[in-house]
Amino acid sequence: MLSKKSIIDIDSLTVEEVSQILERTDSFLEVSKRDVKKVPALRGKTIVNLFFEPSTRTKTSFEIAAKRLSADIINFSASTSSLKKGESIFDTLKTILAMSVDLIVVRHNCSGTVKLISKTIDIPVINAGDGKYQHPTQALLDLYTIKKRFNDFNGLKAAVVGDIVNSRVARSDIELFKKMGIDVTIVAPSMLLPDNMDYYGTEVKNCIDDVIEDADIIYMLRMQFERQDRKIYPSVREYNKFLGLNTGRLKKMKQGSIVMHPGPVNRGIEISEEVMNASGELAGKLEIENQVTNGVAVRMALLYLILS
Ligand code: CP
């Protein structure tokens with residue numbers, strides 16, 4: 001189903017394709033736990049990581065995923081490339097494609113750039129996050145993390161909290177969670193909401209306290225300071241008061257419920273230092289490191305299904 005397909009947004013993935021990715025991820029998670037974490041599945045394939053915007057998790061995760069599948073992966077660095085000499089992004093792509101590449105992974109700070117690239121070249125493209133638009137592989141790894149904890153999506157309640165308007169993770173996660181049957185509530189004040197809220201078709205609350213006791217999943221978004229061309233929230237204190245996750249709120253969460261965050265966390269803003277350093281039962285609610293671990297296996301599954 002996914003053979004040779006580009007992964008640009010959640011909308012173009014069917015429920016069957018998503019289920020296929022999740023199923024395949026199980027076997028690659030097992031590979032990642034082995035002493036020798038490598039299979040020959042993509043030997044001879046060449047993948048290029050094209051990141052025009054900073055990344056720790058996504059870039060490293062794709063690199064590890066490709067290497068565990070025995071593919072060759074090249075990390076293209078925009079800051080040390082001929083882009084700096086004035087070469088256009090499309091001439092850069094043409095140059096890379098002339099070297100017989102099988103797939104490219106692209107991150108860019110402009111919404112829609114990855115879609116445009118995928119329309120102009122004839123090899124599969126994976127969107128590793130573009131502007132405020134989409135981050136589909138983040139949503140897939142988030143969904144897989146939820147599956148590992150709850151097994152079934154039906155009846156689950158997720159609350160997505162924070163900077164909705166600037167977040168590609170919010171767009172992709174909300175669409176994917178709803179597609180797979182999870183009930184989603186958005187938690188944000190009006191200045192952090194986009195104008196087209198009807199698009200999401202979800203309930204909206206303004207304070208995390210409105211959902212903290214009832215949600216199975218509290219999904220904390222990062223405050224996207226780099227995408228804010230002006231200050232859109234009055235103060236950190238105000239943010240903590242209405243949206244921040246502190247120990248008091250964590251303790252109110254129901255049994256079995258979890259906290260997620262795509263990373264990197266702004267400690268003391270979305271999530272308090274105390275919660276980030278929690279131990280014991282409270283720490284067991286935090287899925288942030290598991291999200292990263294699962295991200296490698298999900299990306300292995302995607303690369304395998306597209307290229308094998
Ligand atoms: N979650 C995420 O996309 O993190 P990076 O920016 O570190 O890749």
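Values reported hereafter were calculated over all heavy atoms of this structure, with side chains retained and with hydrogens, waters and symmetry mates removed. Order of listing sets the numbers, starting from 1, for every ligand and every atom in it.
Among protein heavy atoms, the minimum distance from atom 4 (O) of ligand 1 is reached at Arg57 NE, 3.2 Å. The nearest protein atom to atom 6 (O) of ligand 1, hydrogens excluded, is given as Arg107 NH1, 2.9 Å; this is a heavy-atom distance. The protein non-hydrogen atom at the shortest distance from atom 1 (N) of ligand 1 is Pro262 O, 2.9 Å. The protein atom (non-hydrogen) at minimum distance from atom 2 (C) of ligand 1 is Thr58 OG1, 3.6 Å.
Distances below 4.0 Å separate heavy atoms of Gln138 from the following atoms of ligand 1: 1 (N), 2 (C). Heavy-atom contacts of Gly263 reach the following atoms of ligand 1: 1 (N), 2 (C), 4 (O) (cutoff under 4.0 Å).
In this model, no donor atom of one side chain and acceptor atom of the other lie less than 3.5 Å apart for Glu287 and Thr145. For the 3.5 Å distance criterion, the side chains of Lys285 and Ser257 qualify, holding a donor opposite an acceptor.
Ion pairing between a basic and an acidic side chain is recognised when a charged N comes within 4.0 Å of a carboxylate O; Lys132 and Asp163 show no such pairing. Of the charged side-chain nitrogens involved, none lies within less than 4.0 Å of a carboxylate oxygen, so that Asp130 and Arg168 do not count as a salt-bridged pair. Between Arg171 and Glu175 there is no salt bridge, since no side-chain N of the basic residue sits under 4.0 Å from a carboxylate O of the acidic one.
His135 counts as a contact of ligand 1, since one of its heavy atoms falls under 4.0 Å from the ligand.
Residue-to-ligand polar distances place Thr56 within reach of ligand 1: an N/O pair is separated by less than 3.5 Å.
Of the possible polar contacts, none joining the Asp102 side chain to the Ile47 backbone as a donor-acceptor pair under 3.5 Å is found.
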